Amino acid sequence: MSARLAKQPDVISLGCRLNIAESEKLRAMLPDGEDVVVVNSCAVTNEAVRQTRQAIRKARRARPDARLIVTGCAADIEREQLADLPEIDGLISNQSKLDPRAWNLPSDHAPLAPTKTRAFIAVQNGCDHACTFCIIPQGRGTSRSMTIAEVLSEVEQHLELGAREVVLTGVDVTSWGHDLPDTPPLGALVGAILDRFPQLARLRMSSLDGIEIDEALFELFASEPRLMPHLHLSLQHGDDLILKRMKRRHLRGDAVDLVQRLKARRPDIAIGADLIAGFPTETAEHHQANLSIIRELDIVHGHIFPFSPREGTPAARMPQHDRALIKERAAELRALAAETRTNWLDSLVGEPLQVLAEGDNSGYSESYARVALPSGTERGTILTVTPTAHEKGLLQ
């Protein structure tokens, strides 16, 4: 039995939610009994590349006889460097990894990944923008959208397999539709899903560029109970000059206006955001603006990243801060984000929450607060829980 299990394919996923969604498809596509390990890599930062190399070495030690294949962004951006690693048997480009032919399989061999609690659907891939800190367009290519019909078909299959929540993901989700005939806005896709599938309990969006949220999508966030009250913004900074140097398309005021308008219509909406600490040329005043945006937007799902220069990007050629200062500023941002999150969790104590069970005696509320559940709660169950306290980020 153990020898047979050792030959099952394994997929190691690093990086973003899109990679996670693609890894699930890879697991479903690779035939049982094949002694292969796939590292679905990330290259967004130097640290991500280091973790990719670490994962490759660890996988080789764990499965010395397996065929070890690397795909993902690093397989394109770091191709020459990875090709020299003795642990690797082959590289498959990021854009080819979900093509069965790249794995010597028939072109129609693309089964749907098994659904657990929620289904991640990559409605868009690639990016047409040129943020000065980002290398990802080199690994993902230009923006490409699934059609509405393709998305509806995949949602339907996941619902048939028991999904209770669907998460729409991509590299730059709000650019969905820009390459399709008549350039439909993202709100048209979200509305089509909700209209077509009244049985879909919960629809959630992954990270969005706030400046590109169209009016139809805004109205759905403001008024549709099945679209979860959880908006994660690809914000990156709270100071206008730094945003301009990042070549972001929004200013601080755009984010503030969006969140204020949404909270006026739907007060329970939880705001998340990505923020970068220590971007080149960031002054102490700029850093204070980064801290204050956490308070002003009440960011309860804060993802803080210390700036790391990525070779091949314009930001890597800008004057750099000392690493100790970057770490110090990142720590201050994380501390404030943690305080804001704790205050938010305090506000949820005593409130009835609709929680989707994950199968590990916990689940997530509509606003993405993690909640403890009674032992043995069946995965996929949606139940009402009124927490009485919270400990280490878990409502109980």
Side-chain angles (χ1 to χ4, degrees), residues 16-18 21 118-129 143-156 158-159 163 165-198 200-236 248-274 297-301 303 366-368:
C16 63
R17 284 186 173 182
L18 179 56
R118 60 174 56 86
F120 290 88
I121 298 180
V123 300
Q124 178 274 343
N125 206 332
C127 184
D128 293 334
H129 307 297
S143 182
R144 304 164 320 272
S145 307
M146 292 175 66
T147 66
I148 289 180
E150 288 170 335
V151 175
L152 293 177
S153 175
E154 190 160 333
V155 171
E156 183 173 35
H158 280 293
L159 291 177
E165 178 175 301
V166 166
V167 184
L168 303 187
T169 187
V171 174
D172 181 26
V173 180
T174 39
S175 71
W176 176 89
H178 291 187
D179 58 321
L180 296 177
D182 300 325
T183 59
L186 183 59
L189 174 65
V190 175
I193 294 170
L194 293 167
D195 288 345
R196 175 74 174 274
F197 303 109
L200 173 61
R202 295 160 52 135
L203 180 63
R204 193 180 299 276
M205 307 300 295
S206 62
S207 182
L208 300 177
D209 195 334
I211 199 69
E212 289 197 357
I213 292 178
D214 59 272
E215 280 305 309
L217 182 56
F218 178 90
E219 284 299 319
L220 288 167
F221 262 120
S223 60
E224 171 53 63
R226 290 187 294 143
L227 182 58
M228 295 297 92
H230 170 212
L231 173 63
H232 192 93
L233 295 172
S234 179
L235 185 60
Q236 309 309 341
R248 300 295 293 165
R249 288 159 290 155
H250 63 268
L251 297 175
R252 179 190 179 104
D254 297 319
V256 171
D257 177 67
L258 172 66
V259 171
Q260 287 179 345
R261 288 193 299 127
L262 276 173
K263 288 202 169 190
R265 298 278 301 279
R266 196 171 185 178
D268 63 332
I269 194 164
I271 304 301
D274 301 325
L297 299 187
D298 194 23
I299 295 171
V300 299
H301 300 292
H303 292 177
E366 294 172 312
S367 57
Y368 212 61

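None of the values given here were measured: they were computed from a predicted structure.
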Shortest non-hydrogen separation from [X] to [Y] and the atoms involved:
X      : Y      : answer
Ala270 : Val300 : CB-CG2, 3.8 Å
Arg144 : Gly126 : NH1-CA, 3.9 Å
Asp214 : Gly187 : OD1-N, 3.0 Å
Gly170 : Leu18  : C-CD2, 4.0 Å
Asp268 : Pro229 : OD2-CG, 3.8 Å
Pro198 : Arg196 : CD-O, 3.3 Å

Just verifying a value: how many Å separate [X] [atom1] and [Y] [atom2], rounded to the nearest 0.5 Å?
X      : Y      : atom1 : atom2 : answer
Glu366 : Ile269 : CD    : CD1   : 11.5 Å
His250 : Arg252 : NE2   : CZ    : 10.5 Å
Leu194 : Leu220 : CG    : CG    : 6.0 Å
Ile148 : Glu150 : CD1   : CD    : 11.0 Å
Leu297 : Gln260 : CG    : CD    : 8.5 Å
Leu200 : Asp195 : CG    : CG    : 11.5 Å

Donor-acceptor pair, Gln124 side chain versus Asp172 backbone, under 3.5 Å?
yes
Does His230 reach the main-chain N or O of Gly272 with its side chain, forming a donor-acceptor pair under 3.5 Å?
no
Within the structure provided, determine whether [X] and [Y] are in side-chain contact (heavy-atom separation under 4.5 Å).
X      : Y      : result
Leu208 : Phe221 : yes
Arg226 : Leu203 : no
Ser145 : His178 : no
Leu180 : Asp182 : no
Ile193 : Leu152 : yes
Trp176 : Pro184 : yes
Ile271 : Lys263 : yes
Met205 : Leu231 : no

Could you go through Glu165 and Arg204, starting from their C-alpha distance and side-chain angles, then the distance that decides it, and tell me whether this counts as salt bridge (charged side-chain N to carboxylate O under 4.0 Å, His left out)?
CA-CA 7 Å; Glu165 178 175 301; Arg204 193 180 299 276; 2.9 Å; yes
With sequence neighbours left out, the residues meeting ring pair (Phe, Tyr, Trp, His ring centres under 6.0 Å) with His129 are none
For Asp209, enumerate each residue passing the salt bridge (charged side-chain N to carboxylate O under 4.0 Å, His left out) test, keeping only those at least two apart in sequence or located in another chain.
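In terms of salt bridge (charged side-chain N to carboxylate O under 4.0 Å, His left out), with neighbours along the sequence ignored, Asp209 is linked to Arg248, Arg249.
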Apply side-chain contact (heavy atoms from CB on, under 4.5 Å) to the pair Asp179 and Asp128, showing each step before the final yes or no.
CA-CA 10 Å; Asp179 58 321; Asp128 293 334; over 6 Å; no
The single option from Arg265, Arg266, Arg261 passing salt bridge (Lys or Arg N to Asp or Glu O under 4.0 Å) against Glu219:
Arg265
When you check the side-chain N and O atoms of Ser175 and Glu212, is any donor under 3.5 Å from an acceptor?
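Result is no, nothing qualifies.
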Go through it in stages, so that I can follow the logic: the residues are Val173 and Ser206, the test is side-chain contact (heavy atoms from CB on, under 4.5 Å), and I'd like the CA-CA distance, side-chain angles, deciding distance and then a yes or no.
CA-CA 8 Å; Val173 180; Ser206 62; 3.7 Å; yes
Which residues pass the side chain to side chain contact (heavy atoms under 4.5 Å, CB included) test with Leu251, sequence neighbours left out?
Asp240, Lys244, Asp254
